[in-house]
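So you know, we letter chains A, B, ... as the sequences are listed, proteins then strands, and number each from 1.
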Amino acid sequence: MFVDAPAQVAAKLLDWYDVHARALPWRAPPGTARTEPYRVWLSEIMLQQTTVAAVRGYFAKFTERWPTVDTLANADDADVMAAWAGLGYYARARNLIACARAVARDHGGSFPDSEAGLRTLPGIGDYSAAAIAAIAFGRRAVVIDANVERVTSRLFAFADPLPAARPRLRALVDTITPNDRAGDFAQAMMDLGSGICTPRNPQCLICPLRDPCKARVAGNPETYPVKAAKKPKPQRKGTAFWIEHEGDVLLVRRPDKGMLGGMRALPTGPWSDEDPALTDAPVDADWREAGSVTHVFTHFALDLRVVVTKLSARPDISGEWWPIPSVDTAGLPTLFARAAARAIAGSK
DNA sequence: CAGCCGTGGTA
DNA sequence: TTACCAAGGCT
């Protein structure tokens, strides 16, 4: 058998998938009816740069509360943003709302069934359009995510550094993508990348592609994919202001663009390499230190100093006064949830 | 094209 | 503990 023939790769992988496919809430088992496009779409957006474990609870919550794309399209923005709180990359939530409304308004409540049609919707890029077209609509599409890049670069011992070499890697993925079951093939590649062809210590002994894999033969699968070096993360500092009045705390809504865009938050000063100053506070007050929280984002690390004050008169500041005992229901992103916990602990 | 954009798990 | 990294998209 010519195990390195492209068709053989797909056949081996699909045979493995028929037995070992992960059972996931948004996935139909191999050989059964396809999952509804709404659920495929919702899961694909949530899974962008996000682990299966993190998505499970959010997917259950969203599908229970908004079971169809129309119900989501009619939801209040603030409710959706609050429900997304903690999952990260909040532009996804803003695009989720915009996409649901575009589907409801421009497509009669049904998702486009082609890759090109899906690609026009907000929040759906090359990967998601291909994945939804293949998984939800049975289209033949070349689906490329980080798992596919890793598995394919190892399979072909493709050593050109990414992301510059993406077009050539895509051509290789194209050669092994089957005409039938492209959706199962994509999901099989992801399962393989998640459980066997892992970034470190890949389990080549039990891999269904161990025979055709050139990197395994060479003995260096963990060196793929080759990537350009990363830049160091700058350290920034800032201050969060916990302002109490009669058992309420002041929350603000952050601008739609930028960090934690559109999310509820504590008022803050600027985040920079300068030492934070109390003069950035939205009100003049007697501030007390409540400690600090450190948080690591994708491209910088933040040391957020938390200061608290209790005002006897309600200041004239725009924002929401939220009952402190239920501040955990405000939908704060993790940074501010931790800052709030620090403020409450530090003000006792 | 490269920078921006969260969070939590893993070794 | 530090560093890497995950079902990427937008500008």
Nearest-nucleotide pick for Tyr90(A), side chain only, options being dT10(B), dT7(B), dA7(C): dT7(B)
Check this one for me: any side-chain N or O of His299(A) less than 4.0 Å away from OP1 or OP2 of dC5(B)? yes
Atom NZ of Lys230(A) and atom P of dC4(B): how far apart are they, to the nearest Å? 15 Å
May I ask you to say what Ile45(A) touches in the nucleic acid, namely base, sugar-phosphate or nothing, with a heavy-atom cut-off under 4.0 Å? nothing
Short side-chain N/O contact to dC5(C) OP1/OP2 from Thr51(A), under 4.0 Å: no
Do the rings of Phe297(A) and Trp271(A) sit parallel, tilted or perpendicular, given the 30° and 60° boundaries? parallel
Tell me the interatomic distance from Met190(A), atom CE, to dG8(C), atom C1', rounded to whole angstroms. 12 Å
Given dA7(C), dA6(C), dG6(B), identify the nucleotide with an atom nearest to the side chain of Pro199(A). dA6(C)
Side chains of Glu149(A) and Tyr224(A): do they bring a donor and an acceptor to under 3.5 Å? no
Distance in angstrom units between Phe185(A) CZ and dA7(C) P, rounded: 15 Å
Please determine whether any donor N or O and acceptor N or O are separated by less than 3.5 Å between the side chain of Ser128(A) and the base of dG9(C). no
I'd like to know if Thr334(A) reaches the base of dG6(B) with its side chain, counting only an N/O donor and acceptor under 3.5 Å. no
What distance, rounded to whole Å, do you find between the two P atoms, one in dA2(B) and one in dA7(C)? 23 Å
Between Ala21(A) and Pro30(A), what is the shortest heavy-atom contact and its length? CB-CG, 3.9 Å
Sugar-phosphate only, base, or nothing, as touched by Val148(A) at under 4.0 Å among non-hydrogen atoms: nothing
Taking only the side-chain heavy atoms of Arg27(A) (C-beta and beyond), determine which of dG6(B), dG9(C), dA7(C) contains the nearest atom. dA7(C)
Answer with base, sugar-phosphate or nothing: what part of the nucleic acid does Arg150(A) contact at a heavy-atom distance below 4.0 Å? sugar-phosphate
Students often get this wrong, so: under 4.0 angstrom with heavy atoms, is Ala131(A) touching a base, only sugar-phosphate, or nothing? nothing
Find the distance Tyr89(A):OH to dT7(B):P and express it as a whole number of Å. 10 Å
Between Gln187(A) and Leu121(A), which has a closest nucleotide on DNA chain C that is more 5'? Gln187(A)
Closer to the 5' end of DNA chain B via nearest nucleotide, is it Lys233(A) or Pro163(A)? Pro163(A)
Assert: residue with more 5' nearest nucleotide on DNA chain C, out of Glu44(A) and Asn95(A), is Glu44(A)
Integer-rounded Å distance: dG9(C) P and Gln49(A) CD: 9 Å
Decide, yes or no, whether a salt bridge links Arg305(A) with Glu289(A) under the criterion of side-chain N to carboxylate O below 4.0 Å. yes
For the P atoms, the ones on dG8(B) and on dG9(C), what distance do you get once it is rounded to whole angstrom? 22 Å
Identify whether any heavy atom of Leu24(A) sits under 4.0 Å from a base atom; if not, whether one sits that close to sugar-phosphate; answer base, sugar-phosphate or nothing. base
Select base, sugar-phosphate, or nothing to describe what Trp26(A) touches, counting heavy atoms under 4.0 Å on all strands. base
Whether Arg236(A) engages the ring of Phe300(A) as a cation-pi pair (distance to the six-membered ring centre under 6.0 angstrom, angle to the ring normal within 45°) should be assessed. yes
So Tyr38(A) and Phe111(A), would you call those rings parallel, tilted or perpendicular, with 30° and 60° as cut-offs? tilted
Which whole-number value in Å describes the distance from Leu260(A) CG to dT7(B) C1'? 11 Å
May I have the distance from Phe300(A) (atom CZ) to dC5(B) (atom C1'), rounded to whole angstrom? 9 Å
Nearest heavy atom decides the nucleotide; on that basis, is Lys231(A) or His295(A) closer to the 5' end of DNA chain B? Lys231(A)
I want to verify a distance call: between dG6(B), dC10(C), dA7(C), whose nearest atom is closest to the Ala146(A) side chain? dA7(C)
Work out which heavy atom in Gly86(A) is nearest to a heavy atom in Thr334(A); give both atom names and the distance. CA-OG1, 3.8 Å
Side-chain N or O of Lys227(A) versus OP1/OP2 of dC5(C): is the shortest distance under 4.0 Å? no
For Gly258(A), report the nucleic acid contact type (base, sugar-phosphate, nothing); a contact means any heavy atom under 4.0 Å. sugar-phosphate
Just how far, in rounded Å, is P of dA11(B) from CZ of Arg200(A)? 7 Å
When the P atoms of dG6(B) and dA3(C) are considered, how many whole Å apart are they? 22 Å
